[in-house]
Amino acid sequence: MRCFTSKIARITLVALVVSTQTAHGALYSDVSQLPKLKYDFVVIGAGAAGNVIAARLTENPKFSVLLIEAGISDQGVLGVQVPFLAPTNLPNSSVTWNYTTVPQTSLNNRVLAYSRGHLMTYTRGSDDEYNRWAELTGDDSWAWRNLEPFYLKSTRLVPPVDHHSTKGLVDPAVHGFGPVEVSLPGLPSELDGRVVNTSKASGAEFPFNVDIQSGNSVGVGIAQSTIGGGIRSSSSRAYLEPNLNRSNLHVLLENSVTRLVQSGSDHGVPVFKQVELAASPSGKRAHPTFIGRLFMSVVVATRTIVTADKEVILSAGSIGTPQILMLSGLGDAAELGRLGIRPVVNLPDVGKNLQDHPIMSNYWVVNSNNTFDDVLRNTSILDADLAQWTANKTGLFGNAPANAVALLRIPGNASIFEHPFTFPLIDPNFFNTTFDQFAMLSAVKAARAFMTAPPWQGFVASRFGPVGSAETDEDIIAAARDAIVTIWHPTSTARMSPRHASWGVVDPQLLVKGVSGLRIVDASIMPIIPAAHTTGPTYILAERAAEFIKEAWC
Ligand SMILES: Cc1cc2nc3c(=O)[nH]c(=O)nc-3n(C[C@H](O)[C@H](O)[C@H](O)COP(=O)(O)OP(=O)(O)OC[C@H]3O[C@@H](n4cnc5c(N)ncnc54)[C@H](O)[C@@H]3O)c2cc1C
Ligand SMILES: *[C@@H]1O[C@H](CO)[C@@H](O)[C@H](O)[C@H]1NC(C)=O
Ligand SMILES: *[C@@H]1O[C@H](CO)[C@@H](O)[C@H](O)[C@H]1NC(C)=O
Ligand SMILES: *[C@@H]1O[C@H](CO)[C@@H](O)[C@H](O)[C@H]1NC(C)=O
Ligand SMILES: *[C@@H]1O[C@H](CO)[C@@H](O)[C@H](O)[C@H]1NC(C)=O
Ligand SMILES: *[C@@H]1O[C@H](CO)[C@@H](O)[C@H](O)[C@H]1NC(C)=O
Ligand SMILES: *[C@@H]1O[C@H](CO)[C@@H](O)[C@H](O)[C@H]1NC(C)=O
Ligand SMILES: *[C@@H]1O[C@H](CO)[C@@H](O)[C@H](O)[C@H]1NC(C)=O
Ligand SMILES: *[C@@H]1O[C@H](CO)[C@@H](O)[C@H](O)[C@H]1NC(C)=O
Ligand SMILES: CC(=O)N[C@H]1CO[C@H](CO)[C@@H](O)[C@@H]1O
């Protein structure tokens, strides 16, 4: 099926929209401000995939879309916009979910911080990764030759911030024309030349790869990041912000989806086209009110239901998506029963198969004063920037000057006693196979071999830290158990499988098995984690899915 929309008709409609809609008029944080509670599509989660879906579906002026996001707006959040700050300040902040894993048995029972949100390193993954998805699902839509147009739609190469020549370090021909900006580092470092020379001299050991987006990711090259003009190019900046002026797109922030509600049934198949949401765990929003000198908190709403005429698209990510499915009775029936949730469809794979990339840093002591150490040790400059944001945030939201005080009981229906706002158990089970250990050992050995090449002589003084001091395979594995953390790439917790397979959660069109009206579009559907940073592949799969949805409803 193909959609035919006259370009002329579309332009006319857009012109009408401009005259009635003010910019940013579609951004809400209070459900009572929403102009309506019924849309064609309700998209849950304004992350990498959800923003693509919202942007692409609203290209059709006939489709109305509500995008719901639990988090706050990223406008003015320095840690999100300043590329250098993102890695140090984003995890564990007001813009992240402060999840942790269950104790990792193979990492000396360490509990790892498991933030959600995304940073900048951009890799799309090799063609083979996607061909494997096509093979596994028995659907050619996911074969790279059919997926490439969607990669090209998602990102584009822009010059580095200092506009230096990047000739020979990137291949513009393998890049696309999408809204997410990708660039090479704008501040070449004294490491770059050594990396390139080591690689070129090594031959097959560390093959030089001029551009890892070429379809073959194997090799060494200069990193590409989603940064444009010195500002982080996030899905929000690239896909959402430019389209907030569309009258058919409403975005509701600071509201969590607590479950999907069965809206009916179609020939015995449960239909899920309703979404329950709440601003806070109790389902109420407290509005501070002054009556004389008495401060009161007036409850103005309980949980709200919004309805999708066509589809609900679940894009809450690899942790949020299975949590919402389970809260809605879609999951392993026995497990749901134990949690006191009435099972609607038995889908044992929901929330299983979590795949992620563990990361472990190898350190060397070097003869150089151009490292980040001083910047990271002397926080006075960073603190000044952060203080400005923190001060403004405090100023904006204010402290309520309370003139009265009360001592109360926590009611039985308070947030602490409720499922939806309780963090799910997250178990990537890192390092628990001999393959995982072999792979990490190989990576450590490769890094060490790389750093003994001639370009590093006189520069590298020694290896550093407990991993650096480990010599035997056994010692390296033992040190790794204390050093491995996550690179925050969870995938596959609602994996796709062939249409009629009993395993898996979604079919190759990303429709949830056993129900109607519900699709999942985010990293959780990846049948296998690609050897790539996961945002690039998420953009590609979301672009692919947006087209599926448009084709289904034109
Ligand atoms: C600290 C960190 C660093 C990373 N660095 C990189 C990197 O350098 N390169 C890279 O490629 N990838 C990186 N990643 C991974 C990348 O963030 C993910 O692969 C990508 O964002 C997945 O997209 P998604 O759409 O599946 O989920 P997400 O982008 O996580 O989007 C899910 C959205 O749903 C919202 N949500 C969840 N539950 C609810 C609910 N109940 N109600 C309403 N909204 C909800 C969330 O708040 C979130 O906005 C990093 C991740 C982290 C945490
Ligand atoms: C996460 O933790 C940090 C530090 O403890 C806190 O400031 C922040 O508000 C938390 N984030 C959320 C979304 O609760
Ligand atoms: C997050 O913040 C909390 C409270 O400040 C702290 O205890 C915890 O160690 C932090 N975690 C990370 C990963 O920084
Ligand atoms: C890398 O090789 C080039 C060309 O041989 C040489 O000019 C340059 O100095 C080398 N750089 C480093 C850091 O070794
Ligand atoms: C929204 O604004 C962008 C420029 O920021 C413009 O190109 C686009 O035409 C506008 N769209 C509508 C519907 O007004
Ligand atoms: C919690 O209980 C109180 C008292 O019974 C009731 O008024 C309130 O509506 C309940 N709130 C929710 C969210 O159920
Ligand atoms: C680094 O700085 C110190 C102190 O200023 C100096 O002694 C040393 O020579 C410098 N090292 C290099 C490699 O420039
Ligand atoms: C930190 O940096 C500031 C600004 O450059 C400088 O004035 C201060 O002396 C530094 N502090 C330390 C402990 O090095
Ligand atoms: C995996 O974890 C289990 C405990 O959960 C442990 O008994 C087993 O030895 C681990 N396997 C490896 C290869 O580390
Ligand atoms: C709106 C507002 O309060 N802006 C302030 C943000 O913080 C900086 C530095 O503290 C102030 O200069 C601004 O006035």
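Order of appearance sets the numbers: ligands from 1, and atoms from 1 within every ligand. Here, residue 1 is the first one in the sequence, and each next residue gets the next number. Since the model is a prediction, treat every value here as computed from it, not as a measurement.
- Under a cutoff of 6.0 Å and an axis angle of 45°, R124 and Y151 form a cation-pi pair.
- We find that D309 and K273 are not joined by a salt bridge, their nearest charged nitrogen and carboxylate oxygen being 4.0 Å or further apart.
- In this structure, the side chains of I359 and T486 stay at 4.5 Å or more apart for every pair of heavy atoms.
- Aromatic pair F150/Y539: centroids not less than 6.0 angstrom apart.
- Seen from the ring of F548, R519 does not count as a face-on cation partner, given the 6.0 Å and 45° thresholds.
- Listed by number with element, the atoms of ligand 5 under 4.0 Å from a non-hydrogen atom of N245 are 1 (C), 2 (O), 3 (C), 8 (C), 10 (C), 11 (N), 12 (C), 13 (C), 14 (O).
- Taking the six-membered ring wherever Trp is involved, the centroid distance between the rings of H250 and Y39 falls below 6.0 Å.
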Using a cut-off of under 3.5 Å, which N/O atoms of ligand 4 pair up with protein N/O atoms, and what distance separates each pair?
| from | atom 1 | to | atom 2 | distance (Å) |
| --- | --- | --- | --- | --- |
| ligand 4 | 2 (O) | N197 | OD1 | 3.1 |
| ligand 4 | 2 (O) | N197 | ND2 | 2.3 |
| ligand 4 | 11 (N) | N197 | ND2 | 2.9 |
| ligand 4 | 14 (O) | N197 | ND2 | 3.1 |

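- Proximity to N367 (heavy-atom distance under 4.0 Å) selects the following atoms of ligand 7: 13 (C).
- Within the cation-pi definition used here (under 6.0 Å to the ring centroid, within 45° of the axis), R448 does not qualify as a partner of F450.
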